[in-house]
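All of these numbers come straight from a predicted model, not from anything done at the bench. Atoms within a ligand are numbered from 1 in the order they appear, just like the ligands themselves.
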Amino acid sequence: MIRERSCIVKAGGTGRATQMGKTGEETGADGSMVSIADYYAGKNVLITGATGFMGKVLVEKLLRSCPEVQTLYLLVRPKAGQSMHERVSDMMKCKLFDRVREDNPDFHQKIVPISSELTQPALAISPEDVERLTSCVNIIFHCAATIRFDEPLKHALQLNVMATQQLLNLAQQMHHLQAFIHISTAYANCNRRHIDEIIYPPPVEPKKLIDSLEWMEDSIVRDITPRLIGDRPNTYTYTKALAECVVQRESSKLSIGIIRPSIVGASWQEPFPGWIDNFNGPSGVFIAAGKGILRTMRANNDAVADLIPVDVVINLTLAAGWYTAVHRLTFPPAALVYNCTTGGINPFHWGEIEHHVMSSFKRNPLEQAFRRPNANITSNYLMNQYWILVSHKFPALIYDLYLRLSGQKPQMMRIFNRLHKAIGLLEYFSSQDWEWNSENMNMLMSHLSPEDRKTFNFDVRQLNWPEYIENYCIGTKKYVLNEDMSDIPAAKQHLRKLRNIRYTFNTLLLVFIWRVFIARSQMARNIWYFVVSLCFKFLSYFRASSTLTN
Ligand SMILES: CCCCCCCCCCCCCCCCCC(=O)SCCNC(=O)CCNC(=O)[C@H](O)C(C)(C)COP(=O)(O)OP(=O)(O)OC[C@H]1O[C@@H](n2cnc3c(N)ncnc32)[C@H](O)[C@@H]1OP(=O)(O)O
Ligand SMILES: NC(=O)C1=CN([C@@H]2O[C@H](COP(=O)(O)OP(=O)(O)OC[C@H]3O[C@@H](n4cnc5c(N)ncnc54)[C@H](OP(=O)(O)O)[C@@H]3O)[C@@H](O)[C@H]2O)C=CC1
């Protein structure tokens, strides 16, 4: 149980002893509150979802900025024919860890993978590992989740809610646990316009839902899912809301912090600008636009694009872990919620994003683009449908015809169908505005020392959006698509070729229209001559009137 009355924590390699003050705050020898890095020194940290996008950045930052941390226990499952050890060792080889590798080539010694499948009973952790974890873990970061918007409800419930409950059960057996940090999402309550840093009543009692879905066939669950999720857009936001409620229920027994990031994007500063490794959220949209595939999407130009860089989220998460732990005895029995968003502090809009993404991909084009990047967003449904037909389906049809004629397998229509499915799922988030209260983020910032504010910076007022978007787009090119920056001249040359193809195509189309309609029909010819003579008359009138005025 973690709500111990007092405790002495040996601050690892710094040799600095920290102790619980009367208020429950962990203080240094001089009575001041320990810094974040000093707090993590000597601590054993358990992380779920460490192989995911945010988990990796969390592991990297802990190792780099809290070098005295004792051990990171990562709950990992084997996947795609790779053992858990192979997966973790591959992860540590990735470029994200370059800076840590430079500082400490032996950093891998601090990482201990623990085999776990979160959807299995007791998280499928072996009894020996349970023993090990319960005897030494000091802080838990729970990042694992399914973030797919089309996840069947049963599976989303299993992973996002039931696994969270099981992890909380495990946490309660831990003898030295000081904080449990749960990663939620700012959109857990997206059925509300204004979202405070509180846990709202759940749409349904989680336990009752779990019990009733257990005996139901998948097809029945699929049929009733829209009724269950109600005014939420998908099973993801719905189950994340239920998970918050499950976490909240344990807050009388554990010290809990809940982080609610909005749309997590590439890194802003750390470990280097623009790091991103997936197609989720806006990244896939940016890439599709940069490749010239996506030309239109439904989004509101004036709606706030609540993107938040991944390093900001992780800095806040680590600071929240520190704050939750050092204040654990003074907390009321309620989880502290941190809305981790940018919209209320440093707003930027989808229209501006579109402009900067497009100009960035013109300066730094992606290789082998399908067409020149020129995506436009519109909130008008009919307009969007029109452009989908003209700019997506028609070119896809022509290209597939070309592939067929040249003996290759047609593929463009299939790509567009998948793209339409993906953007259809994202439109809900790009067409509306939300307002998040972020007082706890400000409160947390005010508790940091000037040094910690620099090392664990989450002050998004300093974020320069155009520069961030430029680095984000370059990041998708370098780290998601593995394209080389030295190939940019060739990519530009390819875009010039595409432009010439378009000019030639448009000219041929004009000639074709001329031949079919104008040259063959007397009426079309008459209309044509009428339009031309009207233009001529207008030009002559315009010229004559401008001569008179002179
Ligand atoms: C310039 C214009 C500016 C426009 C501005 C407008 C931008 C609007 C953006 C709005 C974003 C809103 C996000 C809201 C986030 C809520 C926050 C969160 O809490 S939660 C976090 C947010 N959560 C999410 O974002 C999850 C959303 N994603 C999903 O739910 C699913 O991926 C899916 C249903 C879209 C596709 O399912 P399915 O068809 O089964 O396909 P698989 O998944 O199996 O992937 C197959 C392959 O395709 C790849 N790939 C994937 N996506 C894209 C893409 N967009 N494109 C290209 N490729 C993509 C994928 O890598 C994979 O490759 P490989 O491994 O085979 O090589
Ligand atoms: N990305 C975003 O925009 C946002 C994310 N969030 C939240 O942040 C957290 C992390 O998201 P993100 O890093 O983007 O997600 P990812 O999909 O990149 O990572 C998910 C992680 O969960 C693990 N996981 C999934 N299923 C299981 C399982 N059955 N057993 C064990 N581990 C499992 C994955 O492991 P494996 O590699 O084995 O699949 C992976 O490590 C989530 O809680 C999400 O809700 C909140 C707001 C926005």
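Proximity to Ser262 (heavy-atom distance under 4.0 Å) selects the following atoms of ligand 2: 47 (C), 48 (C). Against a heavy-atom cut-off of under 4.0 Å, Arg87 is close to the following atoms of ligand 2: 36 (P), 37 (O), 38 (O). The contact set between ligand 2 and Met54, taken as ligand atoms under 4.0 Å from a residue heavy atom, comprises 5 (C), 8 (O), 13 (O). Applying the 4.0 Å criterion to heavy atoms of Ile183 picks out, from ligand 2, the atoms 7 (C), 8 (O), 9 (C), 43 (O). In summary, the atoms of ligand 1 found under 4.0 Å from a heavy atom of Phe429, numbered by their order in the structure, are 12 (C), 14 (C). Per-residue contacts place Gly284 under 4.0 angstrom from the following atoms of ligand 1 (heavy atoms of the residue considered): 54 (C), 55 (N), 56 (N). Interface of Lys240 with ligand 2, defined as ligand atoms under 4.0 Å from a residue heavy atom, comprises 42 (C), 43 (O), 44 (C), 45 (O). With ligand atoms numbered from 1 in the order given, ligand 2 contributes 20 (C), 22 (O), 25 (C), 42 (C), 43 (O), 45 (O) to contacts under 4.0 Å with heavy atoms of Ala145. When each atom of ligand 2 is checked for a heavy atom of Ala144 under 4.0 Å away, the hits are 22 (O), 23 (C). Close approach to Phe53 involves these atoms of ligand 2, each under 4.0 Å from a residue heavy atom: 13 (O), 14 (O), 18 (O). If you number the atoms of ligand 1 from 1 as listed, the ones under 4.0 Å from a heavy atom of Leu425 come out as 34 (C).
Contact annotation: for Tyr187 versus ligand 1, heavy atoms closer than 4.0 Å belong to the side chain alone. Counting heavy atoms under 4.0 Å from ligand 1, residue Thr185 touches it through the side chain alone. With a heavy-atom cut-off of 4.0 Å, Arg418 touches ligand 1 through its side chain alone. At a heavy-atom cutoff of 4.0 Å, ligand 2 is contacted by the side chain of Lys79 but not by its backbone. The backbone and the side chain of Ala422 each have at least one atom closer than 4.0 Å to an atom of ligand 1 (non-hydrogen atoms only). With a 4.0 Å cut-off on non-hydrogen atoms, Met297 touches ligand 1 through its side chain and not its backbone. Only the backbone of Ser262 comes within 4.0 Å of ligand 1, judged by heavy-atom distances. In Leu419, neither the side chain nor the backbone holds a heavy atom less than 4.0 Å from any atom of ligand 1.
With respect to atom 28 (N) of ligand 1, the closest heavy atom belonging to the protein is Asn280 OD1, 4.3 Å. The single protein non-hydrogen atom nearest to atom 30 (O) of ligand 1 is Phe149 N, 2.9 Å, given as residue, atom name and distance. The protein atom (non-hydrogen) at minimum distance from atom 44 (C) of ligand 2 is Tyr236 OH, 3.4 Å. In this structure, the protein non-hydrogen atom closest to atom 9 (C) of ligand 1 is Trp350 CH2, 3.8 Å. Of the protein's heavy atoms, Arg148 NH2, 4.1 Å lies nearest to atom 36 (C) of ligand 1. Scanning all protein heavy atoms for the shortest distance to atom 19 (O) of ligand 1 gives Tyr236 OH, 2.8 Å. Scanning the protein for heavy atoms near atom 49 (C) of ligand 1, the closest one is Phe279 CD1, 3.9 Å. The closest protein non-hydrogen atom to atom 29 (N) of ligand 2 is Glu117 OE2, 2.6 Å.
For the 3.5 Å distance criterion, the side chains of Tyr472 and Ser283 qualify, holding a donor opposite an acceptor. Inspection of the Ser89 and His108 side chains reveals no N or O donor paired with an N or O acceptor under 3.5 Å. No side-chain N or O of Thr134 forms a donor-acceptor pair with one of Gln173 less than 3.5 Å apart. No side-chain N or O of Asp311 forms a donor-acceptor pair with one of Ser267 less than 3.5 Å apart. A donor atom on one side chain and an acceptor atom on the other are not found under 3.5 Å apart for Asn300 and Ser379. The closest side-chain donor-acceptor pair between Glu470 and Asn364 falls under 3.5 angstrom. For the residue pair His349 / Glu352, a side-chain donor-acceptor distance below 3.5 Å is found, with atom types taken as modelled. Using a 3.5 Å distance cut-off with no hydrogens or angles, the side chains of Asn437 and Asp196 do pair a donor with an acceptor.
Considering both main-chain and side-chain atoms, Gly49 comes within under 3.5 Å of ligand 2 through a nitrogen or oxygen pair. At least one N/O-N/O distance between Ile147 and ligand 1 falls below 3.5 Å. On a distance-only criterion, Gly52 and ligand 2 share at least one N/O pair closer than 3.5 Å. Considering backbone and side-chain atoms together, Met358 places no N or O closer than 3.5 Å to any N or O of ligand 1. Considering both main-chain and side-chain atoms, Leu159 never comes within under 3.5 Å of ligand 2 through any nitrogen or oxygen pair. Considering backbone and side-chain N/O of Leu426, none are found under 3.5 Å from N/O of ligand 1.
Under a cutoff of 6.0 Å and an axis angle of 45°, Lys95 and Phe272 form a cation-pi pair. Both tests hold for Arg193 against Trp434: distance to the six-membered ring centre under 6.0 Å, angle to the ring axis within 45°.
Glu367 and Lys291 are not joined by a salt bridge, as no carboxylate oxygen comes within less than 4.0 angstrom of a charged side-chain nitrogen. Using a 4.0 Å cut-off between charged side-chain N and carboxylate O, Arg99 and Glu270 make no salt bridge. The residues Glu244 and Arg260 are annotated as salt-bridged, a charged nitrogen and a carboxylate oxygen being separated by less than 4.0 angstrom. Ion pairing between Asp277 and Lys56 holds under the 4.0 Å rule for side-chain N and carboxylate O.
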Test log, rule salt bridge (charged side-chain N to carboxylate O under 4.0 Å, His left out), inputs Asp129 and Arg132: CA-CA 5 Å; Asp129 284 337; Arg132 192 171 174 188; 3.7 Å; yes
Residues Asn169, Gln165; criterion side-chain hydrogen bond (donor to acceptor under 3.5 Å, both in side chains); working and verdict: CA-CA 6 Å; Asn169 296 345; Gln165 180 64 66; 3.1 Å; yes
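Between Val304 and Gly343, the shortest heavy-atom contact is CG1-CA, 3.7 Å.
Put simply, no part of Ser283 is less than 4.0 Å from ligand 1, judged by heavy atoms. Taking a 4.0 Å cut-off on heavy atoms, Tyr187 fails to register as neighbouring ligand 2. Not a single heavy atom of Asn280 sits under 4.0 Å from any atom of ligand 2. Within the 4.0 Å heavy-atom cutoff, Ile263 counts among the residues contacting ligand 1.
Classification of the Phe180-His182 ring pair by plane angle, with boundaries at 30° and 60°, yields parallel.
When the options Ser115, Cys143, Ser184 are ranked by their closest heavy atom to atom 7 (C) of ligand 2, first place goes to Ser184.
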